[in-house]
Amino acid sequence: MAKYTRGTVKAFSPFDARADAEALRKAMKGMGTDEETILKILTSRNNAQRQEIASAFKTLFGRDLVDDLKSELTGKFETLMVSLMRPAYIFDAHALKHAIKGAGTNEKVLTEILASRTPAEVRNIKQVYLQEYEANLEDKITGETSGHFQRLLVVLLQANRDPDGRVDEGLVEQDAQVLFRAGELKWGTDEEKFITILGTRSVSHLRRVFDKYMTISGFQIEETIDRETSGDLEKLLLAVVKCIRSVPAYFAETLYYSMKGAGTDDDTLIRVMVSRSEIDLLDIRQEFRKNFAKSLHQMIQKDTSGDYRKALLLLCGGDDE
């Protein structure tokens, strides 16, 4: 796995798993719960350290830390703390499993994860899914989706996007022309061309294709996708394009819309804050400030409350006034 350095959560030092386990046990023992201690410890340790704390907790007390958290905490705060405890390697597989479980499929989760993860990360997710759930992720997803949306998900699941290398300007021109003919110039849309090109070409190549497309057509590729496609396919194509342009900008937008307007999409807010906290949350904060004229910190502050808010703000790690 790539070494990420743009997260807000780093390894805590000096770290003492036993001392943390003891503090957590004390926070949950007897009458009442000391939420402050729980949230301070769990948001300031990285995921690997949290796993060591859970192991020390079991060694010292014969109790399961996650079970104790579930029985002592409630609501969104509980969901956030339990999410922080989930081993990093299983996080995405778990989210996908829950997105395709039971009645109705959560297309938003499928889109967010498969559009934003690198090919190496997708290969890892498939492997973990098989190990943990003894099921094939692709089969599960094809069983719950259909049409061109399903086709593009399957392409992304192959994790065979071309690696970044020297960009061939001739092929850039050709791809841009193909997309133009498949969308704006055609009565009806040839979705397959969009799926193949956006799902398989390298990131650096596609960034040049988007520039060339603008030159040829006078439109941003997003405008064409918006006009020519609809529903889940449109959302997935747009997510892929945005992630090709900038993954942190995509997540900044995802966070913004999880809190904008009436009500908060807490599942998305929690999933993104936890899954990006050790990867690129600093970059996401920067993009957020640039694109939405306010900081992520300010928006969380305004949109959430209580211990849930305290914990999210600690994960956010700072205010970009």
Determine yes or no for a side-chain-to-main-chain donor-acceptor pair under 3.5 angstrom, with [X] supplying the side chain and [Y] the backbone.
{"X": "R276", "Y": "L281", "result": "no"}
{"X": "K76", "Y": "D266", "result": "no"}
{"X": "Q49", "Y": "N46", "result": "yes"}
{"X": "R289", "Y": "L296", "result": "no"}
{"X": "S204", "Y": "D164", "result": "no"}
{"X": "E287", "Y": "D283", "result": "no"}

Regarding [X] and [Y], do their side chains bring together a donor and an acceptor under 3.5 Å, going by distance alone?
{"X": "Y213", "Y": "T224", "value": "yes"}
{"X": "Q150", "Y": "E144", "value": "no"}
{"X": "E228", "Y": "T189", "value": "yes"}
{"X": "E72", "Y": "T33", "value": "yes"}
{"X": "T268", "Y": "R271", "value": "yes"}
{"X": "N47", "Y": "Y89", "value": "no"}
{"X": "H205", "Y": "D168", "value": "no"}
{"X": "S295", "Y": "Q298", "value": "yes"}

Inset, instruction - Report, as yes or no, whether the 6.0 Å neighbourhood of atom CZ on R18 holds more than 12 heavy atoms from other residues, nucleotides or ligands. - result: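 Count not over threshold, so no.
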Legend entry - Selection residues 89-107 - residue pairs positive for salt bridge (Lys or Arg N to Asp or Glu O under 4.0 Å), sequence neighbours left out: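 Non-adjacent pairs meeting salt bridge (Lys or Arg N to Asp or Glu O under 4.0 Å): D92-R117.
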Inset, instruction - Using the salt bridge (Lys or Arg N to Asp or Glu O under 4.0 Å) rule, collect all pairs that involve residues 35-49, keeping only residues at least two apart or in two chains. - result: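 The answer is D20-R45, E36-K40, E36-K310.
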Which atom pairs, one a donor and one an acceptor, fall under 3.5 Å between side chains of residues 243-254 and the rest of the protein, sequence neighbours left out?
residue : atom : partner : partner atom : Å
R245    : NE   : E222    : OE2          : 2.7
R245    : NH2  : Q220    : OE1          : 3.2
R245    : NH2  : E222    : OE1          : 3.0
S246    : OG   : A249    : N            : 3.0
E253    : OE2  : K242    : NZ           : 2.8
T254    : OG1  : Y250    : O            : 2.8

Do the side chains of [X] and [Y] get close enough for a salt bridge, i.e. N-O under 4.0 angstrom?
{"X": "E192", "Y": "R151", "answer": "no"}
{"X": "R25", "Y": "E22", "answer": "no"}
{"X": "D265", "Y": "K108", "answer": "yes"}
{"X": "K126", "Y": "E138", "answer": "no"}

Inset, instruction - Report the distance from atom CG of L73 to atom CD1 of I38, rounding to the nearest 0.5 Å. - result: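 Reported to 0.5 Å precision, the distance equals 5.0 Å.
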Inset, instruction - Any chance you could lay out the side chain to side chain contact (heavy atoms under 4.5 Å, CB included) test for V209 and E173, step after step, and finish with the verdict? - result: CA-CA 7 Å; V209 170; E173 172 83 38; over 6 Å; no
Inset, instruction - Report yes or no: is the cationic atom of R227 (NZ for Lys, CZ for Arg) under 6.0 Å from the centre of the six-membered ring of F219, at an angle within 45° of the ring normal? - result: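 R227 over F219 ring: yes.
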Inset, instruction - Determine the sole option in L233, T196, L237 for which the side chain to side chain contact (heavy atoms under 4.5 Å, CB included) test with E191 is passed. - result: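 One option only clears the test, and that one is L233.
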Legend entry - Among L198, L179, V240, side chain to side chain contact (heavy atoms under 4.5 Å, CB included) partner for I225: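 Single pass found, and it is L198.
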Taking the side chain as everything from C-beta on, heavy atoms only, tell me whether [X] gets closer than 4.5 Å to [Y].
{"X": "L312", "Y": "L80", "value": "yes"}
{"X": "T200", "Y": "N160", "value": "no"}
{"X": "D226", "Y": "E234", "value": "yes"}
{"X": "D175", "Y": "K193", "value": "no"}
{"X": "L269", "Y": "T304", "value": "yes"}

Which residues pass the side-chain hydrogen bond (donor to acceptor under 3.5 Å, both in side chains) test with [X], not counting sequence neighbours?
{"X": "T264", "value": "D303"}
{"X": "R181", "value": "none"}
{"X": "D68", "value": "R63"}

Legend entry - Contact summary for S275 and F91, nearest pair of heavy atoms: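 Heavy atoms only, the tightest pair is CB-CE2, 3.8 Å.
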Inset, instruction - Assign the ring pair Y256 / F292 to parallel, tilted or perpendicular, where the plane angle (0 to 90°) is split at 30° and 60°. - result: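 Geometry flag for F292 against Y256: parallel rings.
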Inset, instruction - May I ask you to decide if the ring planes of F61 and F57 are parallel, tilted or perpendicular, using 30° and 60° as cut-offs? - result: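 Perpendicular: the ring planes of F61 and F57 meet at over 60°.
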Legend entry - CA sep, side-chain torsions, deciding dist, call: I53, F15, side chain to side chain contact (heavy atoms under 4.5 Å, CB included): CA-CA 10 Å; I53 295 169; F15 173 62; 3.9 Å; yes
